[in-house]
Structures are given as structure tokens and as C-alpha cells.
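One structure is given below, encoded as C-alpha cells.
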Amino acid sequence: ALGWDERIWDEDLTPPPSWDMGWDELTLEMQDAALFVGYTQEAWDGEETTIVDVPEKTSEAEANADDNNDGANSQVELNSKASWHSLCFEWNKTFCSLPPGVALSTLLLVGLLVCASICICKRMLSASKRHNQFDDEPYSSECLDTKGASSLSYIGKAVHSTLQRQHYHHHRKMWNVTSGRVVGDIHYTPRDVWDTSLDPGEGHDDWLPEKLAEIIGRTEAWCDVMTLGQPDGKFLTALQSALQKIAIRSKLNSRSNPIVIRIVFGNYPARPVDCDRFTKVLTKNLPMDANLHIWVGAWRRGFTWNHAKLISVDGVHLHTGGHNMWEEPYLMKNPVHDLSLEMEGRVAIDGHHFADQQWKFIKDQQSTWLGFIVDKLPDNLPLVNRTRVTVSQWPEDDASVFPPQFTEKNLVNAHPQPPLGTVAANDIPLISIGRQGSMASGGRPSDDAILAMINSSRSIIRLIIQDLGPLMIPGTNKAIPGLTWPKEYLAAIGKAIYERGVDIEIVLSNSGSTPGELDGGLHNTPYGNGWDCVDAASEIIKAIQRTHSAVDDSKLRTMINDNLRICFIRHNKSSAYSNGKTIGLHSKHFIVDDRCCYIGSQNLYDADLAEWGVMIDDEDEVGKILSDYFVPMWRNSYIPGLDVDVERVMDGLNVDRDG
């Protein structure tokens, strides 16, 4: 990447052009390479020295000393062999003198220790492979270079700097500086509810599955679909319709390679995914002669599974946000609020690369002996093992067991991308940010990106989120054992209030909101983890106390009154539908200084899931999202003094809410 080869490095020949370039002149690929070999930005620009030369032998005395050391090492090696033989002899003599029962127990114990050692080594090797899987592929060229990064705002530059410094080895796999454009209005559900007390009417948001089907149905070469669980109802029907449209196109186009469809779910323990059954339902009406290959996979590792919601088509079309493909929460009575958006541009390529890592994990895990055994069990059989992957393919006799990895060669010629370092007409700066949780070593770049957004704020932070605290034990003010409030996010929000006078506006889901016809349905788990707005406010103020011990109560009260505004989501100032069920919120949307925003799948409360989203760094586009979504929501939800009482917040500072 930097232009060096072995001969130039060793023979002091003329260095490559990168040697005379400043850090800001390097492309991101060059900067990654420089960081990899030990340079910081300051070292590259000559402001400090961090690269230390290895000293060579300078005298015959040193060479002789090394020779003497070699001789000493040889003698140590001989002595070690002698000691080992002596030890084996003594152990054998002692073992033979033991009673048979003791000898057998000893052998069993030694066998267990050997097995345990092998398992530990395999886990270490597996962890090493997971770390290296992000570094063993050549960089592609779809990322904007330094010229693109330089167009970012102060918020975007803070995020980019953090990601480049802390997560450069996940670059273009879990994050990327890129570009694209928002297509039409943002996709929020339910529509047209803010200024009315009427419930959404029948068929209120049927447009959503139809829109998703329309996006998927554009596929000419490659489509990735990622979501938490299997689509059902109208979402399943829409997906089947999109695949039928693609199947017809596959028989008409001139491509020799089959169109690739990859669908991946989270295989969480409470609802294991039956990939075989779902694939049969999905493909039951597809023509067998279609030039089309479909893979359906699901995975988990410990408490990590896929929670990202994205559709990437041909490296051009993208849909991402918080919506799952479930009928009951979104299309029936008492719908939960959620937010997604449609985009076009090179940002869609990042969605394909993010999906690649999960498919590689599925392949690696199912290729093991344990994966082979688990593959023979029914997909929907609940298992307690730490890692569980399943995969099915269609046509079963034609498609390979595992799908291919995405490359730029898969892009359709009809959708050319702009050259490296340029931005197409109407494109805006974007940063794609994701995390793979425990699936990959250090696989949590988006956590630090969101922190960088909050830490760079200057005037206001707006959060539209399901909850800020972890899952609560019902009927208590304690989190489930092992879960805690997100200390880093709380500290960043508290610091923004205390040190910079930043205003905080937060909209939360009403606690215990269950959409759908009846409680206890398949997908109507309560939206909201059980906390109220006072709990959230108290935890933010406690974070200020932890980092600023000298602050007095009067100043804290002033900050609660002047800077901290938290409310439950409401329609026309009401927090419930006409049948009394409270209104739920599932959006994951953050706005900083009305200049930069995030839309994706990541919650702020503690959950080590695989997530993905897009940071939009354009004041005009963020302003439009603000006026279309946040402003009417806030106008109908926030009632001063109702959800947050200063005295209750102060009284709650001594409450330990962690599990």
C-alpha cells in the first residue's frame, strides 16, 4: 500500500512517493498500512519518534558474547533433556508402585487435564482466527479516500478519527467512510398519528412490506437480507413475491452466474430458527430452472446473535434501520413506533461486507466436528451449547452448502460506482458503523463511534430510543443479574451537560408496551425494559457525580431543569391507544447538534448483539429528518414537568439499579 518492497527496504534505494507525503495526503489504505507497521500520525509527520531501530552487532566482543550464549544454550538444552529422562523414569517407577484403583484414577485425571488443555488451545486458536479473519483479505477500493474524509463535519471527523485509531483492522468490514443519498422520505411507522387521538386504521402501514419487496425485487446479481427473526404474515408474502420477480429476471438476463440471495437471522435460544423449514416455505413457488441460488442461515455465539436489519442490493440499493419483518408489532393494532430509511450509493457495498463476516463465521463453525453433529439435528431443536449455526440452500442439489463471499466483481455493470475519492451528484457524506459482538475479536467499533458522536456535541443531543437501562426484574428497581446501565454512554452524556452546557432531549418507550391483538403473542415482547424517565435522569446525574465529585446539589437541580428533558412517546399528548395499551417505541435514532444523526439497529442499553447502521453527516438531510420525524414526535410527547420531577430525580441518586 505504501509502495515499499523488500529490495527498496533492504538496499537503501530511492523510497516510494509515499515517503515524501504528509499524513493527510495518504489514502486511508496507506494510513492503515502505516498504522500496522507502527507509525502514528505524529511519527509519520516527524513530530515524534515511535519507530525504534533494531541495533546491530557492533564489535567482535558482542559477536563472541553471542557465540558464548549459543554454547550455554546448547548445554542447557542437554541438561534439560537429561532432566526430562530422569523425571520420566522416576514418574514411571512411582506410578507402577501405586494400587490399581489409585493408578486408574490418576490416569483419568491426567486424561481430563490433557483434554482440557486441548480445548483451551482450540479456543485460543479459534479466537486468533476470528481476529485474523478481518486482516487476511486484500483491501478493496470502494471506500472514499482522505479527500472524502476531509468533507466530514467536526462530528464526523471525531468519529472517523476514533475508528481509524481504535478499529483500523475492522475497516471496510464493520465501518467505513463512504457516501450515498437518502431516497424519498424516511420510513417511520405508524404514519400520521402525532396530532390525533385516533388509532391507526386497518392496513395503516401495509406500504412497508411492499416497499421492502420492491427494493429486494430490483436484484440483478446479489442481495443480502439481515434481520433478527423469520419474516411472517405480509412480510413473508412480500419476500416470496420479490423472489418470484427475481427468478423470472434470472431466466431472461444473459448472466452466466446465478443471482445470489443471502438471508441471515439471529439464532437466539428462546426462538431457534428452522432454516430448512423456512427455506421450503420461502421457495415453494419458485421455478426450479431459475438461475438463482438462495441461502438461509442463522447463528449465535454466547449472548451474541444478529440483530442488524439491512437489505443491500447489487452494491447500490440499501434499506436499514430498526424494523423487523414481523406483522403483529407493525401492521396490526397498537403498533410499535420504528424508523428506517432507504438509500442509494456506495454505502450499500458496506452492507454486503458486513454480511460477509457473519457468513464466514457460519461456514467456519459448521465446518468443525461439533458443527457437523449439530447440523444433523433439527434446526428448531433448542440447544444450550455456546455456539449454534444453521444453514440451508436452494436448490438443494445445485447450490453449494455455503454461499460465496461478496466481491466488487459481483456488481452489475448497469450500476457503476463513482471513481475512488469522488462523490456522485447529490451524494452526502456517510459513515457506516457496525459491531459483531463476541463473534469477532474487538468487534465493537460502533460503540466507540456513538461515544465519539456524543463527546463531540456542542449544543444539543436528541435520543429517540426504546430504553436507556437494561432489562429489569419485574416489580423491582433492579436490573437482571449481570446487567448494568451503560456507564460509558451515561458518562459521555453527563460530561456534555456539565462541561459544555449541552441540552439533552430523550424520548423513551412507555414501559411494558405490547403491540398486537393479544398479550403473549409470538413477537409482542414488551417494548421498554421497565424503567421510567426519572430512573434514566437519575442515572445520568449519578454519572456526573462520579466524574465531578465537587458538584453541589443546587447546580445539579439547575441542570435537570435547564438541560435535561426526558419523556415517554405520546400521540397528541396521550401515552396510550384507545384500548388502554401504552404506546411502544423501537427506534434507534440519535441526533447531535442537528448536524449529524444515526439510524440503525443499535440500542444504547447493554446488549452484546451484532448491529449495523448509518451515520448521516449532512446538515440539510439531518434537518429534513428532524422536521419530518423528531419535531412532531417531541411536540406531542413532551409535557414539561410530567415525566421528570427534580426532587424524585435527586431522591433516586442513592438507588443502585444495576443487576
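Keep in mind it's a predicted model, so treat the numbers as computed, not measured.
In this structure, a donor-acceptor pair under 3.5 Å is absent between the side chains of N572 and D195. A donor-acceptor contact closer than 3.5 angstrom links the side chains of D350 and S432. Side-chain polar atoms of S312 and D224 form no donor-acceptor pair below 3.5 angstrom. When only modelled atom types and interatomic distance are considered, T582 and S513 share a side-chain donor-acceptor pair under 3.5 Å. Judged purely by distance below 3.5 Å, without hydrogens or angles, the side chains of S509 and Q466 never pair a donor atom with an acceptor atom. In this model, a donor atom of one side chain and an acceptor atom of the other lie less than 3.5 Å apart for D606 and T484.
The pair E327-K234 fails the salt-bridge criterion, with no side-chain N (NZ, NE, NH1 or NH2) lying under 4.0 Å from an Asp/Glu carboxylate O. Note on D427 versus R346: no salt bridge recorded, every NZ/NE/NH1/NH2 to OD/OE distance being 4.0 Å or above. Taking the charged nitrogens against the carboxylate oxygens, D656 and K478 do have a contact shorter than 4.0 Å, which makes a salt bridge. K624 has no carboxylate O lying under 4.0 Å from a charged side-chain N of E621, or vice versa, which leaves the two without a salt bridge. The pair D618-R595 does not count as a salt bridge, with every side-chain nitrogen at least 4.0 angstrom from each carboxylate oxygen. For the pair K333 and D199, the salt-bridge criterion is not met [side-chain N within less than 4.0 Å of a carboxylate O]. Under the 4.0 Å criterion applied to side-chain N and carboxylate O atoms, D447 and R435 are assigned as salt-bridge partners.
From L508, atom CG reaches atom CG of D535 across 10.0 Å, with rounding to the nearest 0.5 Å. Once rounded to the nearest 0.5 Å, the distance linking CD1 of I431 with OG of S179 reads 12.0 Å. Here CZ of F278 is found 6.0 Å from CD of Q230. Values are rounded to the nearest 0.5 Å. With rounding to the nearest 0.5 angstrom, the NZ atom of K245 is 12.0 Å from the CG atom of L243. Here OH of Y598 is found 9.0 Å from NZ of K588. Values are rounded to the nearest 0.5 Å. Residue L556 holds its CG atom at 12.5 Å from CD1 of I540, rounded to the nearest 0.5 Å.
Annotation: H337 is in aromatic contact with W194 [ring centroid separation under 6.0 Å].
At least one side-chain heavy atom of Y629 sits less than 4.5 Å from a side-chain heavy atom of I464. Contact check for S554 versus R557: no side-chain heavy atoms found under the 4.5 Å cut-off. Considering only heavy atoms from C-beta on, F235 comes within 4.5 Å of L331 through its side chain. Looking at F265 and T227, their side chains come closer than 4.5 Å, going by heavy atoms from C-beta outward. In this structure, I428 and L430 have side chains that are in contact, with non-hydrogen atoms separated by less than 4.5 Å. The shortest distance between side-chain heavy atoms of E505 and Y638 does not fall below 4.5 Å. Within the 4.5 Å cutoff, side-chain heavy atoms of F590 are placed close to those of I465. T304 is not listed as a side-chain neighbour of Q436, based on a closest heavy-atom distance of 4.5 Å or more.
Taking the six-membered ring where tryptophan is involved, the planes of W612 and F354 are tilted, since the angle between them lies from 30° to 60°.
In the displayed structure, D192 atom CG is contacted under 6.0 Å by at most 12 heavy atoms of other residues, nucleotides or ligands.
S538 contributes a side-chain N or O that, together with a main-chain N or O of V534, makes up a donor-acceptor pair within less than 3.5 Å. For the pair N267 (side chain) and R300 (backbone), a donor-acceptor distance under 3.5 Å is absent. Proximity of a side-chain donor or acceptor of W531 to a complementary backbone N or O of R657 within less than 3.5 Å is not detected. Using a distance-only test at 3.5 Å, with no hydrogens or angles considered, no donor-acceptor pair links the side chain of S637 to the main chain of W634. Side-chain atoms of N510 never come within 3.5 Å of backbone atoms of F568 as a donor-acceptor pair (strictly under, hydrogens ignored). A donor-acceptor pair under 3.5 Å links the side-chain atoms of S153 to the main chain of G156, judged by distance alone. With hydrogens and angles disregarded, no donor-acceptor distance shorter than 3.5 Å links the side chain of R301 to the backbone of M439.
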Contacts under 3.5 angstrom, residues 485-498 side chains, donor-acceptor by atom type, not counting sequence neighbours:
unit_1	atom_1	unit_2	atom_2	d
K487	NZ	D658	OD1	3.2
K487	NZ	D658	OD2	2.6

request  = Go through the steps for L163 and H160 under the test side chain to side chain contact (heavy atoms under 4.5 Å, CB included), then give the verdict.
outcome  = CA-CA 5 Å; L163 292 171; H160 175 235; 5.7 Å; no
message = Quick one, K573 with L642, criterion side chain to side chain contact (heavy atoms under 4.5 Å, CB included). Give me CA distance, side-chain angles, the key distance, then yes/no.
response = CA-CA 11 Å; K573 306 295 185 179; L642 180 62; over 6 Å; no
task = For Q602 and I433, run side chain to side chain contact (heavy atoms under 4.5 Å, CB included): C-alpha distance rounded to whole Å, both residues' side-chain angles, the deciding distance at 0.1 Å, then the answer.
result = CA-CA 10 Å; Q602 184 161 343; I433 53 175; over 6 Å; no
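Considering K309, E342, H187 as possible partners of H319, the one that fulfils the side-chain hydrogen bond (donor to acceptor under 3.5 Å, both in side chains) test is H187. None of T196, I583, L198 except one satisfies the side-chain contact (heavy atoms from CB on, under 4.5 Å) rule with H571; the exception is I583.
A cation-pi geometry, defined here as NZ or CZ lying under 6.0 Å from the six-membered ring centre and within 45° of its normal, holds between R191 and Y188.
Under the ring-ring contact (aromatic ring centres under 6.0 Å, His included) criterion, no residue pair touches residues 448-481, with sequence neighbours excluded.
With sequence neighbours left out, S340 forms a side-chain hydrogen bond (donor to acceptor under 3.5 Å, both in side chains) with H323.
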